[in-house]
Amino acid sequence: MNLSVRLAAFTALAAALATACAPRTAGTSSSGTDEKSGTLRVWLFQEVDNQPKQHVVDAVLAGFEKAHEGAEVSVEYIPVETRAQRIKAAFNDPKSAPDVIEYGNTDTAGYVRDGGLLDVTREFNAWSEARDTDSTARRSVTVDSRVYGAPYFVGVRALYYRTDIFRELGLAAPRSQAELISTARRIRAEKPGLYGLAVGGAYTYGALPFIWAHGGDLATGEEGSYASALDRPAARKGIKAYASLFGDDNCPAATCAGMTGNDTVTAFASGKAAMAIGGDFSHAAVEAGKVKGKYAVVPLPGVRPGSVAPAFAGGNNIGVLKSTGHRTLAVDLMKRLASKKTQRDLFDAMGFLPTFTDVRRQAAAKEPFVKPFVRTLAAGTEFVPASPAWAQIDSSLVLPTMFQEIVSGKKDVAAASEDAARKMDDAFGSAG
């Protein structure tokens, strides 16, 4: 069989997915057909170094084509930054749409709302490997108790710290958020050329563990009916704790208010920070930096000493478009791309953390650097509201704006969180 792989070029950054109203999906393909041969089109995300990923995918597709005589697969690797308009256009033009896509796990609810993803609940529940999928990963493909894809990989964040600096100053890895904050300030005081803990006002997923660790949340309610919880007392405690890290005694607001997650990891990797909140996916960048061989990683501590702050469970999923004319083939390909074997191979090739609990344990045994992230996952993770409104909330920078208003002194925690909560509720309301 012929395997056609086309690499898409990187293009400019684009806006996040708009949440326009559309009919809800049903359990069957909208095309009304289920061809057992022909060409299946697949869109996967382009990585910075795509060759290792492509090698793994090519092996999966070769096995698929061998198992399905008359079936061929055409893969296009698309830039993640432009996924919003590409995928939205595919939903609106079924004739040119792919059959299978990789998508970010925060996009699930919006894509379901747009009527683009196929309900694969029956096939997923009958899949023998699915029973080992961790609960948060399964939640990321679920809307209104229906399943719209298979988890592909998961990413979480933990605390990177400089072992040489900690040794020099006689410090131990912090075991609580209070210790984390005091340790960051001591390092800054004794080494004013360093950030104690690099933080960013535009680093949403670095800030959220502080909110969750204090018992707060982004929103309350359930699928289809959410209300912001940012202005509640528990959430405000977490917001205040994170905001306290911005200042001349740790990470000056003039510089750090605009920093993103990538900026904080870069600061750590380049030797400008003694600590940073980074992901398992940050490991390669840190290893390539000036701090190689001089750092360690532990779970980000929670409020109680020895506890772990809940982390955001990021990652990607594999789904089938509702418009496919090859339902049976497309679902089989989805399962093969997200299978235990593929996830093992992607971990070996790319460092992607598996979504299967047993495969993840095997990965941690193989590579020690994974252990703090696996511990973080095991301690319990959190996710964003399963609402199509999240894309609007995220792209309109509701949380970064809140933190930047606080650390710049424009608003206090109460006023800024109240305004952010109102914006979130407006988005929830407009999403229906």
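Treat the numbers as computed from the prediction; the structure is a model and nothing was measured.
A 6.0 Å sphere centred on NZ of Lys237 holds no more than 12 heavy atoms belonging to other residues, nucleotides or ligands. Counted within 6.0 Å of CG on Asn125, heavy atoms from surrounding residues, nucleotides or ligands total more than 12; the atom is thus considered enclosed. A 6.0 Å sphere centred on CZ of Arg375 holds no more than 12 heavy atoms belonging to other residues, nucleotides or ligands. Atom CZ of Arg175 has 12 or fewer heavy atoms from other residues, nucleotides or ligands within 6.0 Å.
No donor-acceptor pair under 3.5 Å is formed between the side chain of Asn250 and the backbone N or O of Arg185. Glu65 places a side-chain N or O within donor-acceptor distance of the main-chain N or O of Val73, the cut-off being under 3.5 Å. In this structure, His214 contributes its side chain and Phe210 its backbone to a donor-acceptor pair below 3.5 Å. Ser176 contributes a side-chain N or O that, together with a main-chain N or O of Glu179, makes up a donor-acceptor pair within less than 3.5 Å. Side-chain atoms of Glu102 come within 3.5 Å of backbone N or O of Phe45 as a donor-acceptor pair. A donor-acceptor pair is defined here as one N or O able to donate and one able to accept, closer than 3.5 Å; such a pair exists between the side chain of Gln343 and the backbone of Ala338. For Ser225 (side chain) and Gly221 (main-chain N/O), no donor-acceptor pair under 3.5 Å exists by modelled atom type. Within the 3.5 Å criterion, the main-chain N or O of Gly261 finds a donor-acceptor partner in the side chain of Thr264. Formation of a donor-acceptor pair under 3.5 Å by the Glu190 side chain with backbone atoms of Arg186 is not found in this model. Between the side chain of Thr108 and the backbone N or O of Ser140 there is at least one donor-acceptor pair closer than 3.5 Å.
Looking at Leu197 and Tyr161, their side chains never come closer than 4.5 Å, going by heavy atoms from C-beta outward. You'll find the side chain of Thr255 reaches within 4.5 Å of the side chain of Tyr195, heavy atoms only.
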What do the steps show when you test Thr342 against Val57 for side-chain contact (heavy atoms from CB on, under 4.5 Å), and what is the final call? CA-CA 8 Å; Thr342 302; Val57 171; over 6 Å; no
For salt bridge (charged side-chain N to carboxylate O under 4.0 Å, His left out), just list the numbers for Lys341 and Asp345, CA-CA rounded to whole Å, side-chain angles, deciding distance to a tenth of an Å, and then say yes or no. CA-CA 6 Å; Lys341 182 183 186 309; Asp345 292 344; 2.9 Å; yes
Worked check of side-chain contact (heavy atoms from CB on, under 4.5 Å) between Val100 and Leu321: CA-CA 6 Å; Val100 178; Leu321 264 64; over 6 Å; no
One pair to check against ring pair (Phe, Tyr, Trp, His ring centres under 6.0 Å): Tyr242 and Phe403. What are the steps and the verdict? CA-CA 9 Å; Tyr242 188 70; Phe403 281 110; 5.1 Å; yes
Lys191 and Glu168: CA distance, side-chain angles, deciding distance, side-chain contact (heavy atoms from CB on, under 4.5 Å) verdict: CA-CA 11 Å; Lys191 291 188 173 293; Glu168 178 186 343; 2.9 Å; yes
Quick one, Leu171 with Ile165, criterion side-chain contact (heavy atoms from CB on, under 4.5 Å). Give me CA distance, side-chain angles, the key distance, then yes/no. CA-CA 8 Å; Leu171 299 171; Ile165 300 296; 5.6 Å; no
Derivation and outcome, salt bridge (charged side-chain N to carboxylate O under 4.0 Å, His left out), residues Arg157 and Asp280: CA-CA 6 Å; Arg157 292 162 177 83; Asp280 52 280; over 6 Å; no
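Counting only residues at least two apart or in different chains, side-chain hydrogen bond (donor to acceptor under 3.5 Å, both in side chains) contacts with residues 415-424 comprise Arg236-Ser417, Lys411-Asp419.
Across every non-hydrogen atom of Ala241 and Ile181, the tightest pair is O-CD1, 3.9 Å. Nearest approach of Ser270 to Ala267, heavy atoms of both residues: OG-O, 3.1 Å. Heavy atoms only, all atoms of each residue included: Thr136 and Thr381 are closest at OG1-OG1, 2.9 Å. Closest heavy-atom contact between Phe428 and Ser228: CE1-N, 4.0 Å. The two residues Phe246 and Cys256 have their closest heavy-atom pair at CE2-O, 3.5 Å. When all heavy atoms are compared, the tightest approach of Arg360 to Val154 is NH1-CG1, 3.7 Å.
The residues Asp248 and Arg188 are annotated as not salt-bridged, no charged nitrogen and carboxylate oxygen being separated by less than 4.0 angstrom. Looking at Arg232 and Asp217, no side-chain N of the basic residue comes within less than 4.0 Å of a carboxylate O on the acidic one, giving no salt bridge. No salt bridge links Asp99 with Arg41; every basic N to acidic carboxylate O contact stays at or beyond 4.0 Å. Salt-bridge check for Arg146 with Asp119: passed, with a basic side-chain N closer than 4.0 Å to an acidic carboxylate O. The pair Arg86-Glu76 meets the salt-bridge criterion, since a charged nitrogen lies less than 4.0 angstrom from a carboxylate oxygen. Classification of Lys53 and Glu47 as a salt-bridged pair holds, one side-chain N sitting under 4.0 Å from a carboxylate O.
Taking CD of Glu382 as the reference point, atom CD1 of Ile211 lies at 11.5 Å (rounded to 0.5 Å). If you take OG on Ser74 and CG on Leu61, they are separated by 10.0 Å, rounding to the nearest 0.5 Å. Here the CD1 atom belonging to Ile87 is positioned 4.0 Å from the CD1 atom belonging to Ile101, to the nearest 0.5 angstrom. Remark: Leu353 CG to Leu377 CG distance equals 6.5 Å, nearest 0.5 Å.
Partners of Arg336 according to the salt bridge (charged side-chain N to carboxylate O under 4.0 Å, His left out) rule, which considers only residues two or more places apart in sequence or in another chain, are Asp332. Taking the side chain to side chain donor-acceptor pair (under 3.5 Å) definition, one finds that Asp348 meets it with Lys366, sequence neighbours left out. Under the rule for a salt bridge (charged side-chain N to carboxylate O under 4.0 Å, His left out), Asp263 has no partner lying at least two apart in sequence or in another chain. Residues satisfying the side chain to side chain donor-acceptor pair (under 3.5 Å) test with Asn92, not counting sequence neighbours, are none.
Thr133 and Thr355 share no side-chain donor-acceptor pair at under 3.5 Å. No hydrogens or angles considered: nothing links the side chains of Asn262 and Thr260 as a donor-acceptor pair under 3.5 Å. Using modelled atom types, one finds no donor on one side chain facing an acceptor on the other under 3.5 Å when comparing Ser339 with Glu129.
Of the residues listed (Phe281, Tyr152, Phe153), the one engaging Phe352 in a ring-ring contact (aromatic ring centres under 6.0 Å, His included) is Phe153, and it is the only one.
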Name each donor-acceptor pair under 3.5 Å that joins a side chain in residues 289-310 to protein atoms two or more places apart or in another chain, with its distance.
from	atom 1	to	atom 2	distance (Å)
Tyr295	OH	Glu287	OE2	2.7
Ser307	OG	Arg304	N	3.4
Ser307	OG	Arg304	O	2.5

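Ring pair Phe312/Trp212 is parallel by interplanar angle, where below 30° counts as parallel and above 60° as perpendicular. Relative orientation of the Tyr205 and Trp390 rings is tilted, given thresholds of 30° and 60° on the angle between their planes.
Ring-centre distance between Phe91 and Tyr111: below the 6.0 Å cut-off.
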